[in-house]
Amino acid sequence: MEYDFREIEKKWQAYWAANRTFRAEEDPSRPKYYVLDMFPYPSGAGLHVGHPLGYIASDIYSRYKRLCGFNVLHPMGYDAFGLPAEQYAIQTGQHPAVTTARNIARYREQLDRIGFSFDWSREIRTCDPEYYKWTQWAFLKMFGSYYDNDLQKARPIEELTAAFETRGTEGVNAACSRELPFTADRWKSMSDREKSDVLMNYRIAYQGETAVNWCPKLGTVLANDEVKDGYSVRGGYPVEQKKMTQWQLRVSAYAGRLLDDLEALDWSDSLKDMQRNWIGRSEGAEMVFRAINGDAEYDMTIFTTRADTVFGVTFMVLAPESEWVEKLTSPEQKAAVEEYLAAAKKKTERERLSETRKVTGVFSGSYAVNPLTGDRVPIWISEYVLAGYGTGAIMAVPAHDSRDYAFARRFNLPIIPLIEGCDVSEAAFDAKEGVMCNSGFLNGLTVKEAIPAAIEYVESHGIGRRKVNYRLRDAIFSRQRYWGEPFPIYFKDGIATPMPFESLPLELPEVDKYLPTESGEPPLGRAEHWDVDGWPIEKSTMPGFAGSSAYYLRYMDPHNGKALVGREANEYWRSVDLYVGGTEHATGHLIYSRFWNKFLYDLGCVCEKEPFRKLINQGMIQGRSNFVYRIVNTNTFVSAGLKADYETTEIHVDVNIVHNDRLDLEAFRNWMPEYRNAEFILENGEYVCGHAIEKMSKSMYNVVNPDKVCDTYGADTLRLYEMFLGPVEQSKPWDTKGIDGVHRFLRRVWRLFHERDVFTVSDEAPTPQELKTLHKLIFKVKTDIENFSFNTAVSAFMIAVNELYEHKCSKRAVLEPLVVLLSPFAPHIAEELWEKLGHSGSVSGAEFPEYVESYTEEDSCTYAVSFNGKTRFTVDLPKSMTREEVDSHVRGLDQTEKYVAGGKIVKVIVVPGKIVNIVVK
RNA sequence: GCCCGGAUGGCGGAAUCGGUAGACGCGUUGGUCUCAAACACCAAUGUCCGAAAGGAUGUGCCGGUUCGACCCCGGCUCCGGGUACCA
């Protein structure tokens, strides 16, 4: 019987489904292990061979953990709300729910063919009302909470209201958008509307005006991580800055904890670094400068990390969007300032970025008083100061900050050097080193001493205070789109009012079109009866990251109608032990999810501080594109080797009609009507295509479908090959060159169990040699899986099987453990062989073979003999030999004499089991 | 600019602790089987010199530590990722 992978794979996939082999149940008698993949967005294009890479790795790990006796939770679901389905709906009028369901069915079919051990009974979809009920629930909880900076945790907003009733903002240390102190009497005199506005300043989910990334083409706002280089990540449309009122999540309140708790996580250093940079902690001081505009005077606070340079302040700068701009513009400068603001406002985010380092600015007409020197310095307005960071105003020290330096040069402002011997004639001296001068009481101190000394002075003189700032901004949480979770909020007399928990889910209403309304409202503005007792319901929907922020919790208890996750299920599964996914989520999903989890932790809803204990980032599988070269203005195509002789256009050609870079001419003519009559200029009778490594995408015609690989080679070959390609973490192009080798290996495994196509295993006792092969493999596979080094594990299988094959070993005592070892990697063939070995039930119920060290021990060991560091020959010696015995043995060898040749042995170095190094003089 | 990775044969990649560099697979070449092809199997395969034995050389570049360096240290070059007026 030949290795018929088609039959075998179909048979066992059906078996797993029918027997619910991978169903997980809470079982306190067994240790748990939770393996999670980042769930996919089901796009219309289906899966390509790059998508399953991480799923295969996590599946191998899950199956391995099962063999080790763990109760493994390994679920899968779909991140089903999102832009592409909505845009497709706009074009075709088809309801996104319909296309999404269709795409999910297709994904499921493709996933099933690869033989994953998912527990499908726990499947979730973020667009399912029974699921997004809990997304809405969490939002309402955030709406009903504030962040207490003293306790460092979220608390019910009622506690804050109670504090306001008795003492106003006195002694309240809560995260807020802006500090607006008031007394208890003032609070009591406020209208409901005013109170609502005040509370919005503190809620963890709040509505507030802020500069947002507005994408006109998509008609929606976007979060910072959804914008890259001034374009939307989805779609690639230009994005501009705009001031708008939006729902936001006070993620910034958690910045410190998000940073500190990173330490204990088993994540790669590079990913932790990305998050650290994104959170961007910087230690410094807030300092108050007296600002004077004619007769009016104000206390203006700035933030600096270089309090030591305050003696070198020669001007101040405000962000164009800063609220100080209005107060500090003098009548004489009003026209100039307004012109500058208008020009700045008109620029798109992209223009602002492309004009990086181009210095612009305008004088406000006001002055500030340096609190340490009493000097009056001018206040300017410039784009290089950001409204969203610090206080939106800075003290400028051109001698020691290159941005301030560029500005000072451009507008001829004075530059005062503060460090002995530094040269500021050409550039600023940014380094935090040297000895201070021109700095009053700081003179003579090094910079490292001066910074704390300056802060201490400032604090003790009431000029300012120590302050830690974070770069991390609050997340903009509303999108002007249809296909997302509706907000369970309505506006009663204009006051944002939560809908009761019992009314959830608030289901997405039907609309006639998926476009904004004529008056510019989001698509939900088209819904009929989108109100509560006549009060309008919020018309924005939640962003993509809402549904993916707590999905790992829902898998623990997916059918619970009373809670996101029941206490018992949560205390058993706790958190994800292993999370596998791409680095593209480093500053998005992985921040939001950690924030969301911490919030639920504060509420006592979950028992772990962090959602994902260990994280593996799988690399991307890139496409390998092929090109043909059309001679300009003809329908003639010239082979790659000859294209230099012609003027040609490079055209992507479908990689599925190219084999080993040779074009299938007939298939090409049939590919598209315009190539029907194509002519070719061949080399050696073949058309050779050009190639390049690019992102795998439909438009590059380089997409390889896993179904096709399963058809020709089988799922087990696909799984092994994707692992064999290289380290999981590494990005690599999909290149089918080596796939035959992997397939050959599986056929060889099959033949190990068969003699002339008849299943044959013997009960003979294995030889020491065979036991050694087996136990070396057990050890290697175990350590490789635990280190996520699947490529070397596959190599180890190949070596072991080659050795067994050479000795025609068909002994049960060797082959049975081999099947178990192989089962995480190639589960279908393993199940089939396991059954043939006489077992009933799945191999996943077997035990991982125990490694016996004594079988692999060598009685002799090989020494490599080197002279002056260069290895010359090797010698096998008994392991029992002592260092001295090896020494004298090697000295006495014939070969040794040859290499000593006239010289004298100075030193012999013996490293047990490794090498003998002989130094000759 | 700043932060983090990486660079090893014709190719993908091994070498997990400073100890025989190039495992394993692909490709290539030669051979066995076959009427032939496919499949399978065997052998060779870093580079240079040599018929061979053997020798020289070799992990991006320059230098250092060490008996010994792909690995550690210092200085570069190039490539990839993140981030970008964050005061």
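Note that this is a predicted model, so its numbers are computed, not measured. By convention in this document, chain letters (A, B, ...) are assigned in the order of the sequence lines, proteins followed by strands, and residues within each chain are numbered from 1.
Listed nucleotides A40(B), U16(B), G81(B) differ in distance to K780(A); the shortest reach to its side chain belongs to U16(B). Side-chain proximity of I799(A) to C39(B), A23(B), C85(B): nearest is A23(B). You'll find that the side chain of F724(A) is closest to C24(B), out of G81(B), U16(B), C24(B). Comparing A87(B), U16(B), G81(B) by their nearest atom to the side chain of T792(A) picks out U16(B). The D784(A) side chain lies nearest to U16(B) when the options are U16(B), A40(B), C85(B). The P727(A) side chain lies nearest to G13(B) when the options are C3(B), G13(B), U16(B). Here the nucleotide nearest the side chain of T304(A), chosen from C3(B), A87(B), C41(B), is A87(B). Ranking G13(B), C24(B), A84(B) by closeness to the N791(A) side chain, first place goes to G13(B). With distances taken from any side-chain atom of K737(A) to the nucleotides A87(B), C24(B), C11(B), the minimum falls on C11(B). Listed candidates were G25(B), A14(B), C3(B). Nearest to the side chain of M798(A) is G25(B).
Distance noted for atom P between A53(B) and U47(B): 16 Å (whole Å). Nucleotides G80(B) and G12(B) place their P atoms 16 Å apart, quoted to the nearest Å. Look at the P atom in both C39(B) and U29(B): the space between them is 15 Å, to the nearest Å. Comparing the C1' positions of G54(B) and U59(B) gives a spacing of 25 Å, expressed to the nearest Å. Going from the C1' atom of A15(B) to that of U65(B) covers 23 Å, rounded to whole Å. When the C1' atom is compared between C72(B) and G18(B), the two are found 8 Å apart, to the nearest whole Å. Nucleotides G22(B) and A14(B) place their C1' atoms 8 Å apart, quoted to the nearest Å. For the P atoms, the distance from G25(B) to G75(B) is 42 Å, rounded to whole Å.
Between the side chains of S402(A) and D430(A), at least one donor-acceptor pair of N or O atoms lies under 3.5 Å. Side-chain atoms of Y805(A) and R751(A) form a donor-acceptor pair, as typed in the model, at a separation below 3.5 Å. Residues N277(A) and R471(A) bring no donor and acceptor atom of their side chains to less than 3.5 Å of each other. With hydrogens and angles left out, the side-chain atoms of S252(A) and D474(A) include a donor and acceptor closer than 3.5 Å. Between the side chains of H775(A) and T856(A), no donor-acceptor pair is found at a separation under 3.5 Å.
For G13(B), the OP1/OP2 oxygens have a side-chain nitrogen or oxygen of Q730(A) closer than 4.0 Å. Between R471(A) and A87(B), a side-chain N or O to OP1/OP2 separation shorter than 4.0 Å is absent. Note on Y389(A): a side-chain N or O is less than 4.0 Å away from OP1 or OP2 of A87(B). Taking only side-chain nitrogens and oxygens, R748(A) never comes nearer than 4.0 Å to OP1 or OP2 of A40(B). Taking only side-chain nitrogens and oxygens, R276(A) never comes nearer than 4.0 Å to OP1 or OP2 of C3(B). An OP1 or OP2 oxygen of G81(B) is reached within less than 4.0 angstrom by no side-chain nitrogen or oxygen of S270(A). One finds no side-chain N or O of R751(A) lying less than 4.0 angstrom from the OP1 or OP2 phosphate oxygen of A40(B).
Note on N787(A): a base of the nucleic acid sits closer than 4.0 angstrom, heavy atoms only. If you check every strand for non-hydrogen atoms under 4.0 Å, D404(A) touches nothing.
RNA chain B is contacted by both S731(A) and G388(A); S731(A) maps to the nucleotide lying nearer its 5′ end (nearest heavy atom per residue). Map T391(A) and W278(A) each onto its nearest nucleotide of RNA chain B; the residue landing nearer the 5' end is W278(A).
With a cut-off of 3.5 Å on both pairing distances, the Watson-Crick or G-U wobble partner of A7(B) is U77(B). In a base pair of the Watson-Crick type (N1 to N3 plus N6-O4 or O6-N4) or a G-U wobble (N1-O2 and O6-N3), with each distance short of 3.5 Å, C41(B) is matched with G31(B). With a cut-off of 3.5 Å on both pairing distances, the Watson-Crick or G-U wobble partner of C2(B) is G82(B). Judged by Watson-Crick or G-U wobble contacts below 3.5 Å, the nucleotide G50(B) has no partner. Across all strands shown, C67(B) forms a Watson-Crick or G-U wobble pair with G19(B), both key distances being under 3.5 Å. In this structure, U59(B) makes no Watson-Crick or G-U wobble pair, since no nucleotide meets both defining distances under 3.5 angstrom.
If you take CG of L725(A) and P of G12(B), they are 11 Å apart, rounded to a whole angstrom. Spacing between atom CG of L777(A) and atom P of C24(B) amounts to 14 Å, rounded to whole angstrom units. F407(A) has its CZ atom 14 Å from the C1' atom of A87(B), to the nearest Å. Rounded to an integer number of Å, the gap from CD1 of I451(A) to P of A87(B) is 12 Å. The nearest whole Å value for the distance from the CG atom in N617(A) to the C1' atom in C4(B) is 13 Å. In this structure, H754(A) atom NE2 and C39(B) atom P are separated by 21 Å, rounded to whole Å. Rounded to whole angstrom, the span from the CG atom of L386(A) across to the C1' atom of U83(B) amounts to 14 Å. As a whole-Å value, the separation of D740(A) CG from G12(B) P is 18 Å.
Nucleotide G13(B) carries an anti base; the chi torsion (O4'-C1'-N9-C4 or O4'-C1'-N1-C2) is more than 90° from 0. Taking the O4'-C1'-N9-C4 or O4'-C1'-N1-C2 dihedral as appropriate, C17(B) has a value within 90° of 0 and is therefore syn.
Ring geometry for Y851(A) versus F779(A): interplanar angle of 30 to 60°, hence tilted. Using cut-offs of 30° and 60° for the angle between ring planes, the F724(A) and Y721(A) rings count as tilted. Ring planes of F407(A) and W380(A): perpendicular class, angle over 60° (limits at 30 and 60°). Note on ring orientation: taking the six-membered ring where Trp is involved, the planes of F825(A) and F797(A) are perpendicular (angle over 60°, cut-offs 30° and 60°).
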